[in-house]
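Owing to the predicted nature of the structure, the values given are computational and were not obtained by experimental measurement.
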Amino acid sequence: MYKRDIINFLFVAGFTIFGIGNYIGDTRSPSIGLILSVSPLVALIAFFLVDILYRKSFPLRVNGKIYALMLLFLLSSIAAIFVSYSKGYPNLSLNVAIGNAIALLVPFHAFLVVAWYNRNMPEGTFLRLMMTGLIVLLLVNLLGYAGGLSNQGHNLEGRLNLPFFQGLYAASSLMIFLNILFIRQISRHITRVTQWWWKVPFIGMNLVLIYLINSRLTMLLFLVVLALMFFKIVRSRAAYWASLFTIPIVLSMRFLVYEIVSMPVFAGIMQRVDFRDVTSFNGRAYLWEIGMNWLLVDQRGLFFGNGMGGQYFIGLLEFYARLWSGGKSALLHFHSSSLEIVVNQGLFGYLLYIALLYQVFIYFRKKYIQNEADGDVYPSIVFMLFLLQIDTFVYMTGLGSIILAALVAKVCLRNPAPSLSRAEPSETVAEMEVV
């Protein structure tokens, strides 16, 4: 067995262990669940450290600008956690705070190691490994559901509740991410049927599961991104800038959205087509409006944030807490990763993040335009950018954040060699040593 094989196995297995850690966190202990969720990645980093001691060198090189942006953002997130702990945020113990800090710092650095060990492999190898890990995670969820397990953190009666996700809608977000990626790969290799035939039934299975979960916003985003791909608008840098204004755009188009989803062709898919429900996006519009009002008018903690769950400390959601959570405002959030970040970590944290995502955007956009294998994930990144605004899939230690951390790591690795043929002999030999 080669060193790279061990690293890649831990990388692929890490996504499934992450999901199981979520389940343990919801059913037994949040802190134990957090530590378990990153344990394969901790082992991966430990393996790398032992390897560099053996080599007596530290050959991993990164883009300093991107690494600094990511590290500062992660430290800002960790600072928000400990600010909330110091203020007495409900159900946030010191162990949970430390567990969250570890779960934030470890994945990105582990993914840097994975990208480095695969630096001499063919284009698209890192993406294929990540895709494999996400597919295995999804299949393990289906097995767990078939075995009688269900999501313990967030579930709704009558909806499909896959057990090893942090929330009901996280499953549909992952499936759409994979579907968009597969559709791009199929279109790029349309004449090579043997390379993609199995992806067609997989896409179909995902669509059925998404229907059973019934997340209308993610379904609409899926259709929007497919339209952007079809009309080649997705190639434009404007896709990034438009994503930053998703909430104002969605709020201004809510009545048009209702007219569209109430059409017979969509009503059966969306299942719940009620005027008040659709135009308020199941109540989310009220939360977004409160968040936008805070940003434009209230502005308490605007520059450096109010700590994790900051809306609890400044009483932004108390009225809706009485309606939806029995007055427990700590249980409510904005249903928007971007609003959570700016309220909790301030403009400092938010500007770091959007600058970081722009680096990811332009890197994979270039690969997409050049029709390279790594560019296949670019339309899925555009989906994530829009989803960032209207869902918490990409917040803190969510699965979306883990996926984006992996993509940032790929971009951050400095000048990886594209193939074995161009690798330096000494590096290739060291990398291929049998353990």
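- Side-chain contact of Tyr363 with Asn63: a donor-acceptor pair under 3.5 Å is absent, judged by distance alone.
- Note that CG of Leu92 is 8.5 Å distant from CZ of Phe82, once rounded to the nearest 0.5 Å.
- By the 4.5 Å heavy-atom criterion applied to side chains, Tyr312 and Leu331 are not counted as neighbours.
- The 12-atom threshold is exceeded at CZ of Arg300, counting heavy atoms of other residues, nucleotides or ligands nearer than 6.0 Å.
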List the steps and the verdict of side-chain contact (heavy atoms from CB on, under 4.5 Å) for Val224 and Phe383.
-> CA-CA 9 Å; Val224 167; Phe383 165 72; over 6 Å; no

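- For Ser84 (side chain) and Met308 (main-chain N/O), a donor-acceptor pair under 3.5 Å exists by modelled atom type.
- Using a distance-only test at 3.5 Å, with no hydrogens or angles considered, a donor-acceptor pair links the side chain of Ser380 to the main chain of Phe177.
- The closest side-chain donor-acceptor pair between Gln152 and Ser150 falls under 3.5 angstrom.
- Residue Glu123 forms a salt bridge (Lys or Arg N to Asp or Glu O under 4.0 Å) with just one option from Arg128, Lys410, Lys367, and that option is Lys367.
- Between the side chain of Trp288 and the backbone N or O of His335, at least one donor-acceptor pair lies under 3.5 Å.
- Counted by atom type alone, Arg414 and Tyr67 present zero donor-acceptor pairs between their side chains at under 3.5 Å.
- Side chains of Gln345 and Ser77: a donor on one and an acceptor on the other come within 3.5 Å.
- Taking all atoms of both residues into account, the shortest heavy-atom contact from Thr218 to Ser172 is OG1-OG, 3.5 Å.
- Few gaps surround CG on Asn371; more than 12 heavy atoms of other groups in view lie less than 6.0 Å from it.
- Smallest separation of non-hydrogen atoms from Leu36 and Ile20: CD2-CG2, 4.3 Å.
- Applying the ring-ring contact (aromatic ring centres under 6.0 Å, His included) criterion to Phe15, with sequence neighbours excluded, gives Phe11.
- Inter-residue side-chain proximity for Pro107 and Val38 is flagged as met; some heavy-atom pair is nearer than 4.5 Å.
- To the nearest 0.5 angstrom, Ile135 atom CD1 is 9.5 Å from Leu174 atom CG.
- You'll find the side chain of Phe108 reaches within 4.5 Å of the side chain of Leu74, heavy atoms only.
- Evaluation of the ring-ring contact (aromatic ring centres under 6.0 Å, His included) rule for Phe202 yields Phe182 as partners, not counting sequence neighbours.
- Between the side chain of Trp196 and the main chain of His189, a donor-acceptor pair closer than 3.5 Å is present.
- With hydrogens and angles disregarded, a donor-acceptor distance shorter than 3.5 Å links the side chain of Arg254 to the backbone of Leu251.
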I would like to know whether Tyr358 and Arg237 meet side chain to side chain donor-acceptor pair (under 3.5 Å); could you show each step before the answer?
-> CA-CA 10 Å; Tyr358 184 69; Arg237 290 174 185 257; 2.6 Å; yes

So Asp374 and Lys366, salt bridge (charged side-chain N to carboxylate O under 4.0 Å, His left out) or not? Walk me through it.
-> CA-CA 10 Å; Asp374 278 343; Lys366 181 179 178 181; over 6 Å; no

CA sep, side-chain torsions, deciding dist, call: Phe222, Leu226, side-chain contact (heavy atoms from CB on, under 4.5 Å) | CA-CA 6 Å; Phe222 179 42; Leu226 289 182; 3.7 Å; yes

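- For the residue pair Tyr85 / Asn100, no side-chain donor-acceptor distance below 3.5 Å is found, with atom types taken as modelled.
- Gln166 contributes a side-chain N or O that, together with a main-chain N or O of Thr397, makes up a donor-acceptor pair within less than 3.5 Å.
- For the atom pair Met396 CE and Ile341 CD1, the distance stands at 8.5 Å (nearest 0.5 Å).
- In this structure, the side chain of Ser337 engages the main chain of Asp391 through a donor-acceptor pair within 3.5 Å.
- For CH2 of Trp198, the number of neighbouring non-hydrogen atoms (other residues, nucleotides, ligands) closer than 6.0 Å is greater than 12.
- Residues Tyr353 and Val394 form a side-chain contact, since some pair of their non-hydrogen atoms from C-beta on lies under 4.5 Å apart.
- Phe18 places none of its side-chain heavy atoms less than 4.5 Å from the side chain of Leu41.
- From Asn306, atom CG reaches atom NZ of Lys87 across 5.5 Å, with rounding to the nearest 0.5 Å.
- Not one N or O on the side chain of Asn344 forms a donor-acceptor pair closer than 3.5 Å with the backbone of Gly305.
- Among all heavy-atom pairs drawn from Leu168 and Ile213, the shortest one is O-CG2, 3.7 Å.
- Between Tyr240 and Phe361, the ring-plane angle classifies as tilted under the 30° and 60° cut-offs.
- Taking both residues in full, the closest heavy atoms of Asp376 and Leu181 are given as O-CD1, 3.4 Å, listed atom of the first, atom of the second, then distance.
- Judged purely by atom type and a 3.5 angstrom limit, Tyr378 has no side-chain atom pairing as donor or acceptor with the backbone of Ile369.
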Leu34 and Ile102: CA distance, side-chain angles, deciding distance, side-chain contact (heavy atoms from CB on, under 4.5 Å) verdict | CA-CA 8 Å; Leu34 285 164; Ile102 294 171; over 6 Å; no

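- Checked against salt bridge (Lys or Arg N to Asp or Glu O under 4.0 Å), Lys199 has no partners two or more places apart in sequence or in another chain.
- Across every non-hydrogen atom of Glu340 and Tyr395, the tightest pair is CB-CE1, 3.7 Å.
- Considering OG of Ser173 and CE of Met384, their distance stands at 8.0 Å, rounded to 0.5 Å.
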Report the C-alpha separation of Leu137 and Leu399 in whole Å, then their side-chain angles, then the decisive distance to 0.1 Å, and conclude whether the side-chain contact (heavy atoms from CB on, under 4.5 Å) test is met.
-> CA-CA 11 Å; Leu137 169 62; Leu399 179 59; 3.9 Å; yes

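- Considering CD1 of Ile210 and CE of Met205, their distance stands at 9.5 Å, rounded to 0.5 Å.
- Counting only heavy atoms from C-beta outward, the side chains of Met175 and Leu162 approach each other to under 4.5 Å.
- Looking only at distances, no side-chain donor or acceptor of Asn293 sits under 3.5 Å from a matching main-chain atom of Glu289.
- Contact annotation: the side chain of Asn214 approaches that of Met219 to within less than 4.5 Å [non-hydrogen atoms, C-beta and beyond].
- Across every non-hydrogen atom of Pro379 and Ile180, the tightest pair is CB-CG2, 3.5 Å.
- Proximity of Leu287 to Ser336: side-chain heavy atoms (C-beta onward) are nowhere separated by under 4.5 Å.
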